[in-house]
Trainee: 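Quick one: the structure is below, questions incoming.
Along the sequence shown, residues carry numbers from 1. Nothing here was measured: the structure is a model prediction, and the numbers come from that model.
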Amino acid sequence: MKASLGDALKEKGKSQTAFAKEVGYDQSTISKWVTGSRTITKEARPILARAVDSFKYYTTLIKETTGIGFAPYMDGKKIKRDVASLRVLVEQEQRDTMEFWDKDFWYVPANSANEREIQEARRFVQEYSEKLAIEFNLLGAFCEQYRFSLKEVDQKRDLAFKTRGFVK
């Protein structure tokens, strides 16, 4: 399920006029983006995603912008977007992923790996990406349910990583 700019603005209770002022675009441009009569420019997408501060819209824009959806917005028939249900899924995915922690492929350079080790590494990457996607959705569910700002969480994480010397 994709989130539109209009849906995201409704979710956050923002008017097109107020949002236009916030992001520095003309209200008529915002209106055209909301109605779909104009495609949102590549340059505007990250600005809008950060300003609207909606987890669902953010995950939609990542997929549309990059073509890669590391963390789709999970809302299928078997998914409940509450923190308790998502936590159970995270725990299940964690168990599935942990079986790879003691495998040999970790210690073999990629250019020396045999076919079995390469396949184990590939299965690990798949399992781990599924775990990360569910964890990201758990984070999103917390933000949605407690009305935490995803933008604020992102800024605090960046600051923590800078302080710890993980990023410049």
Side-chain angles (χ1 to χ4, degrees), residues 1-5 7-8 11-12 23 39-168:
M1 183 172 184
K2 291 169 58 171
S4 69
L5 178 58
D7 293 340
E11 172 194 332
K12 294 299 182 173
V23 295
T39 303
I40 299 172
T41 63
K42 185 178 179 179
E43 297 78 24
R45 288 178 181 170
I47 296 166
L48 301 179
R50 194 160 187 92
V52 80
D53 202 13
S54 161
F55 178 78
K56 189 174 183 178
Y57 188 64
Y58 176 78
T59 56
T60 297
L61 276 186
I62 289 174
K63 178 77 172 176
E64 289 178 357
T65 303
T66 66
I68 301 168
F70 287 115
Y73 186 84
M74 294 182 176
D75 61 351
K77 294 175 187 171
K78 295 184 178 184
I79 296 289
K80 292 184 180 177
R81 285 202 59 80
D82 63 83
V83 294
S85 298
L86 286 169
R87 181 174 181 243
V88 169
L89 278 176
V90 166
E91 290 171 347
Q92 179 182 338
E93 288 298 320
Q94 181 71 33
R95 284 190 299 275
D96 292 346
T97 304
M98 287 307 291
E99 77 178 64
F100 292 95
W101 286 115
D102 295 324
K103 298 279 184 173
D104 293 336
F105 69 86
W106 289 98
Y107 310 104
V108 177
N111 60 355
S112 301
N114 63 38
E115 189 58 35
R116 180 188 59 79
E117 293 162 334
I118 292 169
Q119 289 306 315
E120 284 184 341
R122 182 173 280 124
R123 283 186 31 233
F124 164 74
V125 168
Q126 182 64 41
E127 288 291 334
Y128 205 79
S129 77
E130 291 171 11
K131 180 180 94 59
L132 290 174
I134 293 170
E135 287 176 338
F136 196 59
N137 272 266
L138 175 60
L139 174 70
F142 263 106
C143 289
E144 291 166 356
Q145 291 177 21
Y146 288 95
R147 292 182 169 44
F148 296 151
S149 164
L150 188 61
K151 180 172 32 177
E152 185 178 316
V153 169
D154 182 58
Q155 290 167 341
K156 287 183 178 182
R157 185 207 57 236
D158 284 354
L159 180 61
F161 281 173
K162 285 179 184 175
T163 302
R164 294 163 66 187
F166 294 166
V167 296
K168 294 180 183 179

Trainee: Given D154 and R157, is the salt bridge (Lys or Arg N to Asp or Glu O under 4.0 Å) satisfied, shown in steps?
Mentor: CA-CA 5 Å; D154 182 58; R157 185 207 57 236; 2.4 Å; yes
Trainee: For the NZ atom on K12, are there more than 12 heavy atoms of other groups (residues, nucleotides or ligands in this structure) within a distance under 6.0 Å?
Mentor: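 More than 12 heavy atoms, drawn from other residues, nucleotides or ligands, come within 6.0 Å of this atom.
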Trainee: For D53 and L150, work out which heavy atoms get closest and say how close.
Mentor: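 Closest approach of D53 to L150: OD1-N, 3.0 Å.
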Trainee: In Å, rounded to the nearest 0.5 Å, how long is the span from CD of E91 to CG of L138?
Mentor: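 Separation between the atoms: 9.5 Å.
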Trainee: Using only atom types and a distance under 3.5 Å, with no angle test, would you say the side chain of N137 pairs donor to acceptor with the backbone of M74?
Mentor: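 Side chain of N137 to backbone of M74: a pair is present.
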Trainee: Heavy atoms, side chains only, cut-off 4.5 Å: are Q126 and R122 in contact?
Mentor: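 Counting from C-beta outward, Q126 and R122 never come under 4.5 Å.
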Trainee: So, does S85 use its side chain to make a donor-acceptor pair with the main chain of D82 at under 3.5 Å?
Mentor: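 Flag not set: sc S85 to bb D82 has no pair under 3.5 Å.
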Trainee: Quick check for you: to the nearest 0.5 Å, what is the distance between E120 atom CD and E99 atom CD?
Mentor: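 E120 atom CD to E99 atom CD measures 9.0 Å (nearest 0.5 Å).
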Trainee: Check whether S112 reaches the backbone of V108 with its side chain - one donor and one acceptor, N or O, closer than 3.5 Å.
Mentor: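 Flag not set: sc S112 to bb V108 has no pair under 3.5 Å.
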Trainee: Return the CZ to OH distance between F136 and Y58, rounded to the nearest 0.5 Å.
Mentor: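 One gets 5.0 Å once the value is rounded to the nearest 0.5 Å.
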Trainee: How about V167 and D158: do any of their side-chain heavy atoms sit closer than 4.5 Å?
Mentor: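 No - every pair of side-chain heavy atoms lies 4.5 Å or more apart.
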Trainee: Using a 4.5 Å cut-off on heavy atoms from C-beta on, say whether the side chain of D7 contacts that of Y57.
Mentor: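 Side-chain contact under 4.5 Å: no.
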Trainee: Does E144 come within less than 4.0 Å of R81, counting only side-chain N to carboxylate O?
Mentor: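 Here E144 pairs with R81 in a salt bridge, since their nearest N and O are under 4.0 Å apart.
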Trainee: Heavy atoms only: give me the nearest E11-S54 pair and the separation to one decimal.
Mentor: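 Closest pair (atom of E11, atom of S54, distance): OE1-OG, 2.9 Å.
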Trainee: Are the side chains of R45 and R50 in contact, using a 4.5 Å heavy-atom criterion?
Mentor: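 R50 vs R45: side chains apart.
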Trainee: Rounded at 0.5 Å granularity, tell me how far CD in E130 sits from CD in Q92.
Mentor: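 Interatomic distance, E130 CD to Q92 CD, rounded to 0.5 Å: 10.0 Å.
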Trainee: Closest heavy-atom contact between Y73 and T59?
Mentor: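 Closest pair (atom of Y73, atom of T59, distance): CB-OG1, 3.5 Å.
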Trainee: Specify the closest pair of heavy atoms between I134 and V90, including all atoms of both residues, with the distance to one decimal.
Mentor: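 Looking at all heavy atoms of both residues, the shortest contact is CG2-CG2, 3.5 Å.
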Trainee: Between Y128 and R123, is there a cation-pi geometry (under 6.0 Å to ring centre, at most 45° from the normal)?
Mentor: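 R123 over Y128 ring: no.
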Trainee: Kindly state whether the ring of F100 and the ring of W106 have centres lying under 6.0 angstrom apart.
Mentor: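 No.
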Trainee: Compare all side-chain heavy atoms of E93 with those of E135 and state whether any distance is below 4.5 angstrom.
Mentor: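 When only atoms from C-beta onward are counted, E135 and E93 do not touch, as no gap falls below 4.5 Å.
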Trainee: Output the distance between atom CG (L139) and atom CG (L132), rounded to the nearest 0.5 Å.
Mentor: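 Reported value, rounded in 0.5 Å steps: 12.0 Å.
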Trainee: Given 3.5 Å as the limit, does a donor-acceptor pair link the side chain of Q145 with the main chain of F142, or not?
Mentor: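 Pair absent, no side-chain N/O of Q145 close to backbone of F142.
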Trainee: For the pair K131 and E127, find out whether any cationic side-chain nitrogen is under 4.0 Å from an anionic carboxylate oxygen.
Mentor: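 Salt bridge: no.
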Trainee: Once you round to the nearest 0.5 Å, how far does NZ of K151 lie from SG of C143?
Mentor: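 Between atom NZ of K151 and atom SG of C143 there are 13.0 Å.
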Trainee: Should the pair W101 and F124 be assigned to parallel (<30°), tilted (30 to 60°) or perpendicular (>60°) ring geometry?
Mentor: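 Taking F124 first and then W101, their aromatic rings stand perpendicular (interplane angle over 60°).
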Trainee: Given side chains that start at C-beta, do those of V83 and L86 come closer than 4.5 Å, heavy atoms only?
Mentor: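 No. Closest side-chain heavy atoms not under 4.5 Å.
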